[in-house]
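Read the numbers this way: they start at 1 and go in the same order the structure lists the ligands and their atoms. All residue numbers refer to positions in the sequence shown, counting from 1. On a predicted model such as this, the values are computed, not experimentally measured, just so you know. Just so you know, these numbers use all the heavy atoms, side chains as well, and skip hydrogens, waters and symmetry mates.
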Amino acid sequence: MAFGGAAGRAAGWLLLCWLSALATVGRAAEWQAVQGGVVALSHPAVVAGVRVFGRSWPVHARAGGTVAWVGVDLARKPGDYPVRWSDGSTERLRVRQGRFSTSFIEVPRSMAEFDAKKLARIRHDQALLRAAARRPVARSFSFRFAFRPVEGVVSTPFGARRFVNGRPRAPHSGIDIAAPRGTPVRLPADGVVLLAAPMYLSGNTVVVGHGEGVVEIFAHLDRVAVHAGERLHRGASVGTVGATGRATGPHLHWGVRFRGARVTPDALLPR
Ligand SMILES: [Zn+2]
């Protein structure tokens, strides 16, 4: 059947309206997130899993439905991404551009330009950090930190576009909190120490796993109070604030990786 003339055009237009109304009614939910954020997605049924950005994310059953947590890496390209629930339903996650500042620091040349030997050391450190972050931790995590590990002024915010001695560097993957040397660094949630080691750039570094792929990084510590494998409760001291590694003054670099995504630690604090 073909539509012809004015009546046909009107019928066609009505059909179009009806179809677009159906599309609106049946449209999947659209979730919003920002670069470097953690977004909680809910599903009305109890489902076993969800995939976003080509990987799976933790799900918890809640009041007959499901809540899933998804980490959006700070460099994730803004745009729409499919959310695939394990029951076959699909929704959409819209990632918006984060608002990040720009930071300029000046350090001695030896801390900005690296010869082959230093570069090898830095790559070795990075491999250790990556391996630690991937180590499985058999705990269920509630996706909540109780507090920031130290109180102080944020000297470099999360996501800052950094220039070291005038040269562009990777965006800042944590929050720098300035505090006097020796200030205790308190763990904001129960966890397991995955790594406690000196690193060239991040100085004395502690990595703690909380379960569900959430890993916390504390860098530039003066003293380290824990060792790998130790189980810690919320509030435990992991060490003290210092200026070890590449640091212009005493501060804590506080970072979180969630299943590989660099997210802002503040996303896990109570709102
Ligand atoms: Zn930092």
Side-chain angles (χ1 to χ4, degrees), residues 34-38 71-75 98-114 118 121-123 125-130 132-133 145 147-188 194-208 210 214-224 238-258 260-269:
V34 69
Q35 289 174 313
V38 174
V72 182
D73 186 79
L74 72 91
R99 284 203 201 115
F100 302 123
S101 60
T102 305
S103 119
F104 298 88
I105 67 163
E106 296 292 326
V107 297
R109 250 178 87 171
S110 64
M111 274 295 178
E113 289 161 37
F114 312 117
K118 275 182 202 146
R121 166 84 203 275
I122 291 165
R123 294 218 173 100
D125 289 349
Q126 284 167 343
L128 278 181
L129 283 168
R130 271 199 303 275
F145 285 157
F147 41 74
R148 279 183 171 179
V150 296
E151 294 295 327
V153 174
V154 171
S155 50
T156 307
F158 176 83
R161 274 32 187 167
R162 288 185 301 181
F163 291 80
V164 176
N165 296 356
R167 295 225 177 131
R169 289 288 185 269
H172 192 225
S173 60
I175 297 173
D176 286 352
I177 305 171
R181 185 191 305 269
T183 306
V185 175
R186 305 261 171 221
L187 194 65
L194 300 174
L195 181 87
M199 305 261 156
Y200 185 74
L201 290 176
S202 56
N204 292 330
T205 305
V206 171
V207 177
V208 174
H210 295 289
V214 175
V215 168
E216 211 178 349
I217 298 136
F218 306 95
H220 309 298
L221 298 174
D222 192 48
R223 285 188 44 247
V224 172
V238 299
T240 55
V241 171
T244 55
R246 185 168 72 188
T248 50
H251 73 280
L252 174 72
H253 171 96
W254 180 37
V256 167
R257 280 187 186 237
F258 179 21
R262 297 161 297 173
V263 299
T264 176
D266 278 350
L268 301 181
L269 287 174

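- Within His253, the N/O/S atom positioned nearest the Zn ion (ligand 1) carries the name ND1.
- The CD1 atom of Ile175 sits 5.0 Å away from atom CZ of Arg148, with the distance rounded to the nearest 0.5 Å.
- Heavy-atom neighbours of Arg123 CZ from other residues, nucleotides or ligands within 6.0 Å: at or below the threshold of 12.
- Shortest distance from the Zn ion (ligand 1) to Asp176 is reached at OD1 (N/O/S atoms only).
- The aromatic ring centroids of His172 and Phe100 lie 6.0 Å or more from each other.
- Rounded to the nearest 0.5 angstrom, Arg162 CZ and Arg169 CZ are separated by 9.5 Å.
- Distances from the Zn ion (ligand 1) show that His220 has no N/O/S atom below 2.8 Å.
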